[in-house]
Amino acid sequence: MNSRLLSNMSVNEDNQLEISGVNTVELANKYGTPLYVYDIALIRQKIEAFREAFARYEKRTQIAYASKAFSSLALYELLAEEDVSLDVVSGGELFLALQAKFPADRIHFHGNNKSFNELKEAVENKIGCVVVDNFVEIDMLNEVTSQLESQMDVLLRVTPGIGAHTHEYITTGQEDSKFGFDLGSGQVEEAIVKLNEMPNINVIGLHAHIGSQIFEVNGYEAVIEKLIDKAADWQERYGFHLNVLNVGGGFGIRYTEEDSPLPLKAYAEAIIQAVKKHASKKHIDLPDIWIEPGRSIVGEAGTSLYTVGTEKTVPGIRKYVSVDGGMADNIRPALYKAQYTGVLADQVEASAVETVSIAGKACESGDMLIWDLILPQPEQNSILAVFSTGAYGYSMASNYNRLPRPAIVFVDKGQDWLAVRRETYQDFLNLEISRHDQFEK
Ligand code: LLP
């Protein structure tokens, strides 16, 4: 068995890659490429892993899926069935979630620059909570809730001054950050005092997100200790009650064989233990625990299929093999130097192999998907499967070079169905306004 394959993958007797019992070569023929394939059973398994571990906690817990990792109507519908909560960061994500009939009271609204209208939509739709990020937002939310004569629960987003060991662009818990109220300088206290005077806003707890693709539990333990210490102090000074402690997302996944992430339950168990330990030490009631996993729910469940096109050998240096997608459907290698692995879906195991570099189709030298991948010799029209592309692939996709965004297919135990259709050239025209229509009436 090829060591690159994930647990939900297998190879059939024709040496072709199957995901959850569905032949990926047939998927590529049926739906075209590039194609995102999501294994729904794996998404459910990841949720279940968190749920099972948190079921052992005395107080309530919420797993709030971070929509930014991947959102679609069908995914939101599935998540609604799974009884998880949802983190949205824009009116657009909120709109799609509501279209999917996601229960509004399980939606949490994040973001460092929510507009007045976005806050209004949140309050009008009676979402579960707003994670307030700054003083301007507090004033806007106060105005919105007063105007609409409504109440809103809020968490205070805190920048705890704890950065996780990860890529700088995806670290968000350090002090010098655009997100949240700074813990060290007294901003959080100021926000609590201010919010205490706003009868329509209910502060229910604290939120911190320390970063992404984290492989250790100590960052979570450190932030829990810090926030509980502070909360105990604020309880005495301002009557603040930590009903909810939200420790964000960031749980690491396997992109390549080099990654060995912890099982998801290990993060959950460490979080529970740390909360219990510090709450008991500081004599405060146990808070509800909320988390916001994005990547760890959908990342490994997603696989991208591409068709091999041209190739070019630079003598003595490398062979470039080009595929029909690239940075337009997966910006992560170009943006973060993210590493991926994959196989030829139509020739998973083969004795003759070579080292190639997988180039994208966009007109940019940086559009490389994988450097130095050992593969059976790829031929024109071979299907390349790139693994663990389920998070921040489609959600960060663009139409660079007017490449239509790929379709998304869901698979589950031998079945496949379309979740998002492929963009067409005609879709491009839907937004365009011709000079003829504008001026030559
Ligand atoms: N909660 C908050 C407040 C966040 O800012 C994030 C991610 C998450 C939860 C979910 O983190 P996850 O569990 O997915 O790691 N585009 C980058 C990742 C940006 C993450 C931003 N915030 C990437 O492709 O790696």
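In listed order, ligands and their atoms are each counted from 1. Values in this document were obtained by computation on a predicted structure and should not be read as measured data.
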### Query
For atom 11 (O) of ligand 1, which of Gln213, Met396, His209 has the closest heavy atom?
His209
### Task
Measure from atom 2 (C) of ligand 1 to every heavy atom in Arg332, His207, Arg157, Lys68 and give the option owning the shortest one.
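The option holding the nearest heavy atom is Lys68.
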### Query
Which is it for Tyr336 and ligand 1 at heavy atoms under 4.0 Å: side chain, backbone, both or neither?
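It is the side chain that touches ligand 1; the backbone stays farther off.
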### Task
Of the side chain and backbone of Asp87, name the one, both, or neither that has a heavy atom under 4.0 Å from an atom of ligand 1.
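Answer for Asp87: side chain.
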### Query
Based purely on interatomic distance, does Ala66 place a nitrogen or oxygen under 3.5 Å from a nitrogen or oxygen of ligand 1?
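No, no N or O pair falls under 3.5 Å.
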#### Entry: Heavy atom of Gly250, distance to ligand 1 below 4.0 Å
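In this structure, Gly250 qualifies as a contact of ligand 1 - some heavy atom is under 4.0 Å.
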### Task
For Ser296 and ligand 1, answer yes if some heavy atom of the residue is under 4.0 Å from a ligand atom, otherwise no.
no
### Task
Please examine the side chains of Ser296 and Tyr267, heavy atoms only from C-beta on, and report whether any two atoms are closer than 4.5 Å.
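No - every pair of side-chain heavy atoms lies 4.5 Å or more apart.
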Contact atoms of ligand 1, heavy-atom distance to [X] under 4.0 Å:
X      : value
Gly249 : 9 (C), 13 (O)
Glu292 : 1 (N), 2 (C), 3 (C), 8 (C), 9 (C), 10 (C), 13 (O)
His110 : 3 (C)

#### Entry: Test item: Asn125 side-chain N/O and Glu121 main-chain N/O as donor-acceptor pair under 3.5 Å
yes
### Query
Between Arg157 and Phe179, is NZ or CZ placed under 6.0 angstrom from the six-membered ring centre and within 45° of the ring axis?
yes
